[in-house]
Structure formats: C-alpha cells, structure tokens
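Some notes on the structure that comes next.
Computed over heavy atoms, backbone and side chain alike; hydrogens, waters and symmetry mates excluded.
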Amino acid sequence: MPRPEGSQEPSSAREPVSGQAGAGQAAAAAKGPAAPAWARKSTLVLLIAVLALAVFGTTTQTWISVTLDPNQLGQGGAAQEPLPVQGTKAATAVTALALVALAGGLAAAIAGRIARWIITAIIVLAAAGIVAAAATVLASPLAAAQGSIAEATGVTGSQAQVAVTAFPVLAVVAGCLLALAALVIVPAGRHWKARTKYDAPAAGSPAAAGPVDEIDSWDRLSRGDDPT
C-alpha cells in the first residue's frame with residue numbers, strides 16, 4: 001500500500017545506516033594517514049634482516065687465499081695448494097655482530113618508542129663493528145690469516161702471499177647500509193602504531209562502543225576492569 005504523501009520514513013529505519021556510517025568514519029579517523037613507503041614497519045624490518053643475513057653470509061665464504069712459502073716449511077720448493085681462510089676465522093667478531101643486528105631488527109618491530117632508540121643504537125654499533133673488523137682484514141690480510149696459517153702448518157709468524165677476495169668488501173658495504181637502515185628506525189617509528197593488550201581504548205572510540213569478544217574480555221579483566 002503506497003505511503004500517504006508527506007509521510008516520513010520511521011527514524012528507526014535510518015538509525016542503523018547512520019550508525020554504520022559514523023562507525024566507519026570513526027574507524028578511518030582512528031587509523032590515521034597511511035605511513036609512507038620508506039617508513040613501513042615490514043619494509044624496514046625486512047631490509048635490516050636481509051642486510052644482517054648478507055653480512056652473516058659473507059663470513060661463510062673465503063675472505064683470504066694464502067699461498068705459503070714452501071722453503072720456510074722445509075718442503076724444498078714443493079707446490080702448495082692455496083689455503084682458504086673463511087670470514088669466520090679472519091674476522092670472528094663479524095658473525096656475532098651480524099646476529100646481534102638481526103635480532104635488533106626483529107625486536108624493533110614490537111618495541112616501543114624508547115626501546116626503538118636503544119635498538120637503533122645497538123644496531124648502529126654492531127654495524128660499526130662489522131665495518132671496522134672487515135676493514136682491518138682489508139688493511140692487514142696477512143695478520144688476519146696468521147691464526148689459520150698456524151692451525152694448518154703449526155708454524156706461527158710465517159710469511160706468505162695473500163690474496164683478498166671480494167667478500168670483505170661486501171661486508172663493509174652491507175655494514176654501512178645496515179647502519180643507515182638502523183638510523184631510519186627512529187623517524188619511521190613515528191608512523192608505527194604499536195598497541196599492546198594493556199592499552200585501554202579511549203572512551204567513545206569504536207573499540208569501546210563495539211562488541212567485546214573473549215580476548216578483549218580477558219584483557220580488560222587483566223587490567224582489573226569489569227567487561228560486563
């Protein structure tokens with residue numbers, strides 16, 4: 001049956017629509033503007049992890065190739081196979097520092113504002129240590145290989161011909177990039193919205209006005225609130 005002219009639609013029919021629109025606007029306002037590409041948490045954490053793993057990967061490769069002097073070894077000029085020296089032996093600190101940087105990058109994803117400053121400092125210091133250790137190998141490869149030479153021949157202080165591979169250089173480059181990526185954590189963290197179960201929703205927000213599930217109920221109970 002057609003509605004008489006001038007009649008108005010019941011307000012109860014319009015309330016759900018307006019309520020949903022208001023909830024959507026409130027949710028959009030709560031989210032705020034999207035973070036720029038360079039400040040995305042996933043992108044930055046992944047970059048730090050990749051660089052740290054790249055440094056770690058270089059240490060598993062040969063950094064120095066040593067050709068021993070057969071006359072000093074009393075072998076009468078016999079041919080000698082080059083002795084490969086891995087990065088784990090040429091610069092033992094690099095492996096540990098790479099793991100420290102990796103752990104710091106993963107921790108930054110869940111850390112608060114103050115903790116991110118501390119993590120940034122740790123990663124930068126680890127990156128500086130990586131660069132310093134790799135640069136030391138580049139500056140004095142024979143000294144870095146002495147431990148492996150002594151282990152292989154039993155002779156310490158031997159003179160030998162050494163050839164440095166590209167992996168120490170790659171470690172220096174990756175270490176520098178790692179420090180730069182760590183420094184981005186602080187400005188990028190301003191766009192990260194960390195939320196823990198102890199953060200109480202603001203009054204009038206969609207979280208406070210909406211339905212409460214079991215997890216929210218337990219979180220509110222842990223804070224001493226009555227979810228009912």
Side-chain angles (χ1 to χ4, degrees), residues 35-68 81-152 160-192 194:
W38 64 269
R40 290 176 184 170
K41 182 187 296 186
S42 58
T43 302
L44 190 54
V45 171
L46 179 62
L47 176 61
I48 292 175
V50 169
L51 291 172
L53 289 175
V55 174
F56 182 84
T58 63
T59 62
T60 64
Q61 305 300 315
T62 299
W63 280 28
I64 305 170
S65 181
V66 180
T67 302
L68 300 173
E81 289 291 332
L83 175 65
V85 181
Q86 289 185 336
T88 52
K89 295 182 179 180
T92 55
V94 173
T95 303
L97 292 173
L99 294 177
V100 169
L102 176 61
L106 297 177
I110 58 175
R113 182 171 58 89
I114 297 177
R116 283 196 295 266
W117 280 90
I118 299 174
I119 290 172
T120 298
I122 291 174
I123 297 177
V124 170
L125 290 175
I130 290 170
V131 173
T136 301
V137 173
L138 292 172
S140 182
L142 181 58
Q146 285 297 330
S148 297
I149 295 174
E151 183 180 349
Q161 295 180 351
V162 294
V164 181
T165 65
F167 289 104
V169 178
L170 293 178
V172 170
V173 173
C176 293
L177 295 176
L178 185 60
L180 293 176
L183 292 175
V184 179
I185 292 177
V186 175
R190 299 172 185 172
H191 301 277
W192 300 352

Rounded distance (nearest 0.5 Å) linking atom OG1 of T58 with atom CG of L53
11.0 Å
In terms of heavy-atom contacts, V137 and A144 come closest through CG2-CB, 4.0 Å
Measure the CD1-CZ distance between I130 and F56 for me, rounded to the nearest 0.5 Å.
11.5 Å
Which heavy atom in A174 sits nearest to a heavy atom in V55, and how many Å separate them?
CB-CG2, 3.5 Å
Any residue meeting side-chain contact (heavy atoms from CB on, under 4.5 Å) with T136, in chain and number order, not counting sequence neighbours
none
Ignoring hydrogens, what is the shortest heavy-atom contact between C176 and V131? Give both atom names and the distance.
N-CG2, 3.8 Å
Can you give each donor-acceptor pair under 3.5 Å made by side-chain atoms of residues 86-113, sequence neighbours left out, with the distance rounded to 0.1 Å?
from	atom 1	to	atom 2	distance (Å)
Q86	NE2	T60	O	3.3
T95	OG1	T59	OG1	3.4

Find out whether W117 and V186 are in side-chain contact, i.e. whether some heavy atom of one side chain is under 4.5 Å from a heavy atom of the other.
yes
Locate the shortest heavy-atom distance separating A179 from V124; write the atom from each residue and the value.
O-CG2, 4.0 Å
Just verifying a value: how many Å separate L183 CG and L178 CG, rounded to the nearest 0.5 Å?
10.0 Å
Test your reading of the model: is there a side-chain donor-acceptor pair from T165 to the backbone of I64, 3.5 Å cut-off?
no
May I have the step-by-step check of side-chain contact (heavy atoms from CB on, under 4.5 Å) for I185 and I123, ending in yes or no?
CA-CA 10 Å; I185 292 177; I123 297 177; 4.1 Å; yes
What's the shortest heavy-atom distance between L83 and S148, and which atoms?
CD2-O, 3.8 Å
